[in-house]
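Have a look at the structure below before the remarks.
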There are 2 protein chains.
Amino acid sequence: MSLETSGAGELPPITAAAAVPTPTAPTGAPHGTRLDPWLDSYADRAHAMRASEIRALFAVANRPEVVSLAGGMPYLEGLPLDVLGEMSQRVVTTRGTTALQYGSAQGDETLREQIVEVMRLEGIEAHPDDIIVTTGSQQALDLVTRIFVNPGDVVVAEAPSYVGALGVFRAAEADVVHVPLDEHGLIPAALEETLAGLAREGRRVKLLYTVPNYHNPAGVTLSAERRPQILEIARRYGVLVLEDNPYGLLGFSGDPIPALRSLDADGVVYLGTFSKTFAPGYRVGWAVAPHAVREKLVLASESAILCPSNASQLAVSTYLATCDWRSQIKAFCELYRERRDAMVGALAEHLPDASWTVPDGGFYTWVKLPDGLDAKAMLPRAVTARVAYVPGTAFYANGEGSDHMRLSFCFPTPDRIREGVRRLAGVVAGESELVSLFGVSGPRSRDDLQQPGPDVA
Amino acid sequence: MSLETSGAGELPPITAAAAVPTPTAPTGAPHGTRLDPWLDSYADRAHAMRASEIRALFAVANRPEVVSLAGGMPYLEGLPLDVLGEMSQRVVTTRGTTALQYGSAQGDETLREQIVEVMRLEGIEAHPDDIIVTTGSQQALDLVTRIFVNPGDVVVAEAPSYVGALGVFRAAEADVVHVPLDEHGLIPAALEETLAGLAREGRRVKLLYTVPNYHNPAGVTLSAERRPQILEIARRYGVLVLEDNPYGLLGFSGDPIPALRSLDADGVVYLGTFSKTFAPGYRVGWAVAPHAVREKLVLASESAILCPSNASQLAVSTYLATCDWRSQIKAFCELYRERRDAMVGALAEHLPDASWTVPDGGFYTWVKLPDGLDAKAMLPRAVTARVAYVPGTAFYANGEGSDHMRLSFCFPTPDRIREGVRRLAGVVAGESELVSLFGVSGPRSRDDLQQPGPDVA
């Protein structure tokens, strides 16, 4: 069996080279892949920024014949687009001179009041003045990092951790130290041990970055029991907790666990977003922070973008005011639960030698490959077989994770998920054969995913 | 005559204290103006971020009874809101699963093709692949600065310079060195002298930041003769030119002067925006950069926001495709020319002892006060008299500019502009009396405007 066409059927072959765009330059507009004349001028933080080979593969993975289990895109077909269209019209027609104008750097006040209501579902009591609206919660993550992290400062994060956060920390020239998690989330004893070790070394730890609910990529949730323990340890070591919670309302059973922020208003900066519970295209997220921190976040955001989009904010605000957003979230939960079931069912059927987490919400499962396989090295063959995933190395700052992959069940239909896992099983079988023959699954490299990219958010 | 009520008529008195919001904390949600427990944790770059007293005054200046000659908000009432409303509806109804979804980090391809057409009006030949779409051109300014500027690097900028750019450079811990301009814009000989001096000192100059057209705040335009000279000098010293051009299409007479970018594709990063020619509420701007720089900008933007808003981009793209945007820009030019005329006419009538630039486009005139007056010290009295402006010190990184103020004519109607200048003249008369009696116009301080803020963009 040829590995290159494993599972590909009669479709034409795809190579990674097809992903590299080769634009045709118009007359008089020189550009392209010449040497960079400004190479010596970049700031230190820019040298870590480079496109990885994985990104090129993802460009291929977006082709319709590929089942992408890589992306973090929500499934939007269930949204009432006609209603949302009329809503958009009303916003522009009746409030156009506000919607189309500059707004407050902190964000629309009505929307901030509505965000208070949304957060109450996870036990958070906040005041609208505690909130800053941002261009997706990614911007909030970037702003918090910029106001706290000097080059060389330590950021403690789960192992594994959200690739987009690692990109932000890298851009800030932070030193990321990972702390292990298990099926109940971040392990308090491991956090204590790590912080104690860093304190002994005299290292300055600025942030504990955590995704407590339906973790990206690990799929696990921090238990209610551990939450106060984590906060107590962070407080004792003077470390600000950065709670990133895009998926908290997307649970498949029971009520949400109270957010860390609901237990500690002074020690936590909380990040929220409408990208997963409504629509990412508006780019509306937010941060909740202690008063003085929130003030600095507003100043930092003014410097970065002047103000968030009024058009987007008014659209989201009108949606919250006029649509039954709670029912919409319930519908999303049903949809994603069904896809989670398709995913774990297909894994059990086709990949019995692997192991995986069974998430109780969110978008992702975290798969450990059979011994000896390297998810990064295997990716080109998987894409050739028309299935894509994100290799585990993307979620570590230190090159670990090659034996894991993140599989997303948010965007493809259940049938496509099953087909994707079936194709993946074919690739894994081929790789395993190679390993048993030669003892290694392919060339290893340390070219991790350098930047998050909207396709893997 | 009481200075405090000069020009105020029968309106109730306003004090700066009224501007400070005093939110009421809900039970169980502690916040407010307590000491900052995280004060020792901030990054170095955050310590320069603080709200200035001027910002508090601007909060008052937004009250309807105040004529604000401070803001850079475009006048949007002329936009066809009904048409734009229908357009928004169509975008969501027919292309909702794209408009509401994550998009490319570089920006929508169709929009980038349209931006190429827009820039052709100023002589720029570019390829869509040279462009990155950003959350307003402010984000592009921030991204360029982040990829090029290390703490301590020099950025050369006009004296005066856009307050929002100075905020970005400050956040990057850059050392801004001003170069004088005159009625024909940045002075080549002065640039040469400055760069030669910095080279002798061994300083690393990373960027020349310039607003060549209808300068903010100075109102002047870089002459066609000087443009190649400026580029030649920058090239010789290995300095990247950052051309910020929000106002280039808003000229009051004749054709636009070719952009710096049209003369040098490798040595210039060009920033554009739809905020002044269409609407700022979508937050759609862009940068055009040499290929390798553009690649880094995309990676930096992914880290900062993942991707720009698809909803906003599709709205702007649809506007450009379906509306007569060239006629709309012409209508804006007519509107702003009339307001410029009202402004300079009123200045001639009421403030004959001052001097000012007569801009041939854009939003601003730059006023030199009569000898001995301090625009910063005078501002509280001006706001009390129900007129607001931005003191000149906001546009310098070094505390200069106290004898100047920026007056905007973009947002208020001609009648309001005349009334504002009349009130301002009353304040100036009172201040002049004070100076002739005591030799100083009030307490000086070095509390410059720390951040741009959407209200003074």
Side-chain angles (χ1 to χ4, degrees), chain A residues 23 25-26 28-31 36 43-44 46 49 73 76 81 84-85 88-89 92-93 96-97 99-102 105 125-127 129-130 135-136 138-139 142 147-150 167-168 171 265 279-283 291-292 296 299 302-307 309-312 451-454 457, chain B residues 23 26 28-31 36 43-44 46 49 73 76 81 84-85 88-89 92-93 96-97 99-102 105 125-127 129-130 135-136 138-139 142 147-150 167-168 171 265 279-283 291-293 296 299 302-307 309-312 451-454 457:
Chain A
H31 82 284
D36 181 1
D44 296 339
M49 295 176 188
M73 298 194 302
L76 302 179
L81 295 181
L84 298 178
S88 295
Q89 178 176 33
V92 173
T93 306
T97 54
L100 305 187
Q101 189 56 274
Y102 291 110
E125 287 295 325
H127 189 280
D129 193 54
D130 301 332
T135 303
Q138 184 76 21
Q139 195 209 354
D142 186 51
I147 71 170
F148 279 104
V149 177
N150 281 321
V168 168
Y282 291 118
R283 311 303 300 118
H291 185 76
K296 286 209 188 290
L299 295 168
E302 278 179 1
S303 174
I305 61 161
L306 287 184
C307 60
S309 164
N310 259 6
S312 283
Q451 294 289 333
Chain B
H31 82 283
D36 181 2
D44 296 339
M49 294 176 189
M73 298 194 302
L76 301 178
L81 294 181
L84 298 178
S88 296
Q89 178 176 31
V92 173
T93 307
T97 54
L100 305 189
Q101 189 53 276
Y102 290 112
E125 288 294 328
H127 188 281
D129 193 55
D130 301 332
T135 302
Q138 184 76 22
Q139 195 209 353
D142 186 50
I147 71 170
F148 279 105
V149 177
N150 282 319
V168 169
Y282 291 117
R283 312 304 298 121
H291 185 76
V293 175
K296 286 210 186 287
L299 294 169
E302 277 178 1
S303 174
I305 61 163
L306 286 184
C307 61
S309 164
N310 260 6
S312 282
Q451 293 288 336

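Throughout, a chain's letter reflects where its sequence line sits, starting with A, and its residues are numbered from 1. Just the heavy atoms: all of them, side chains too, but no hydrogens, waters or symmetry mates, feed the values below.
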Cut-off 4.5 Å, heavy atoms of chain B, and the answer for A304(A) is both
Do you know which of G136(B), A99(B), G281(B), G85(B) has the most heavy-atom pairs with chain A at a distance under 4.5 angstrom?
G281(B)
For N150(A), which atoms come within 4.5 Å of any heavy atom of chain B: side chain, backbone, both, or neither?
both
Flag side-chain contact, heavy atom, 4.5 Å: R283(A) against C307(B):
yes
Hey, what do you get for CG (L100(A)) to CG (L81(B)), rounding to the nearest 0.5 Å?
6.5 Å
My understanding is that only residues two or more places apart in sequence, or in another chain, count here; which of them pass side chain to side chain contact (heavy atoms under 4.5 Å, CB included) with S88(B)?
S88(A), V92(A), Y282(B)
Whatever's closer than 4.5 Å to a heavy atom in chain A on V293(B) counts as both
Check for a donor-acceptor pair, side chain of K296(B) on one end and backbone N or O of A46(A) on the other, with a separation under 3.5 Å.
yes
By side chain to side chain contact (heavy atoms under 4.5 Å, CB included) - contacts of Q89(B) (at least two apart)
E86(A), Q89(A), T93(B)
When heavy-atom pairs shorter than 4.5 Å are enumerated against chain A, which of A311(B), S312(B), S309(B), A279(B) gives the highest number?
S309(B)
